[in-house]
Amino acid sequence: MCGIIGFTGKLKAQDVLLTGLASLEYRGYDSAGIAYFKDTGKISLRKTVGKVKDLRAICDDDNNSTCGIGHTRWATHGEPSDINSHPIGNGRVSIVHNGIIENYRKLKEFLISKGYGFESQTDTEAVAKLLDYNYDGDPIDTIIRTIADIEGAYSLGIMFREHKNRIFAARKESPLIVGKGNGEMFIASDVTAIIEYTREYYLLEPGEVADITADGV
Ligand code: GLU
């Protein structure tokens with residue numbers, strides 16, 4: 001179980017995410033990645049096996065996105081590889097996950113029967129695809145229906161392409177905090193990742209879902 005960071009505000013999200021991930025390095029990990037909203041409204045990804053410095057090396061200096069999620073992975077399902085690194089998802093939804101989804105095989109079989117393809121060996125991809133399957137235009141409703149079907153320990157950072165510059169978060173057992181700054185908001189698995197920006201934070205309760213914009217939660 002490793003690290004999660006998310007940011008929405010006015011700063012360059014990439015800088016906040018990479019700094020946050022670097023501060024979580026002490027926990028140990030095998031890969032790292034970020035997803036962020038582009039001006040076009042699409043979600044872009046950078047992810048790689050290796051260290052945060054390897055991730056930084058494949059990021060663009062001129063990335064001006066102000067909202068994104070980041071992850072350091074400690075592989076539990078599937079080897080450390082670029083494909084298995086988080087964020088994981090498709091054109092519509094992108095997620096970062098800490099923990100283990102115990103019933104992912106069953107979920108995967110169900111989703112394959114509905115026509116979904118899988119490219120990673122992670123348990124996480126079953127959650128990403130289930131979010132896509134359940135998506136009804138209302139992110140909170142979609143997340144509530146999805147977490148009702150997943151078993152295990154998890155904390156999740158989620159972005160939907162249709163909801164630009166918003167981050168959603170949910171957790172059960174694995175920790176996740178929502179940090180509040182001045183016109184900016186954060187999520188993190190550990191306060192170390194955001195302490196440079198704010199000391200005001202809230203520990204999500206198991207089963208709670210957070211809907212986060214730059215102005216509030
Ligand atoms: N179970 C997930 C995976 O293997 C997440 C691992 C983690 O917590 O870093 O990708």
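Atoms within a ligand are numbered from 1 in the order they appear, just like the ligands themselves. Residue indices begin at 1 and follow the sequence shown.
Of the listed residues (Ile177, Leu176, Val178, Val191), just one forms a side chain to side chain contact (heavy atoms under 4.5 Å, CB included) with Leu203, and that residue is Ile177.
Ile69 has its side chain out of reach of Ile34: every pair of non-hydrogen atoms, C-beta onward, lies at least 4.5 Å apart.
The closest non-hydrogen atom to atom 1 (N) of ligand 1, taken over Ile100, Val127, Val96, Thr76, comes from Thr76. The residue from Tyr154, Trp74, Tyr29 that puts a heavy atom closest to atom 7 (C) of ligand 1 is Trp74.
For the ligand labelled ligand 1, residue Gly78 lies outside the 4.0 Å heavy-atom shell.
In terms of polar-atom proximity, defined here as any N/O pair under 3.5 Å, Gly99 does make such a contact with ligand 1.
Geometric assessment of Lys180 against the ring of Tyr202 yields a negative cation-pi assignment under the 6.0 Å and 45° thresholds.
Every atom of ligand 1 with a heavy atom of His71 under 4.0 Å away is listed here by number and element: 9 (O). Of all atoms in ligand 1, listed by their number and element, those nearer than 4.0 Å to a heavy atom of Asp123 are 1 (N), 2 (C), 3 (C), 4 (O). The contact set between ligand 1 and His77, taken as ligand atoms under 4.0 Å from a residue heavy atom, comprises 4 (O). Within ligand 1, the atoms closer than 4.0 Å to a non-hydrogen atom of Thr122 are 10 (O), numbered from 1 in the order shown.
Minimum heavy-atom separation, Pro87 to Val96: CG-CG1, 3.8 Å.
Under a 4.0 Å N-O distance rule, the pair Asp123/Lys108 does not qualify as a salt bridge.
For the salt bridge (Lys or Arg N to Asp or Glu O under 4.0 Å) test, residues two or more places apart in sequence or in another chain that qualify with Arg145 are Asp136, Asp141.
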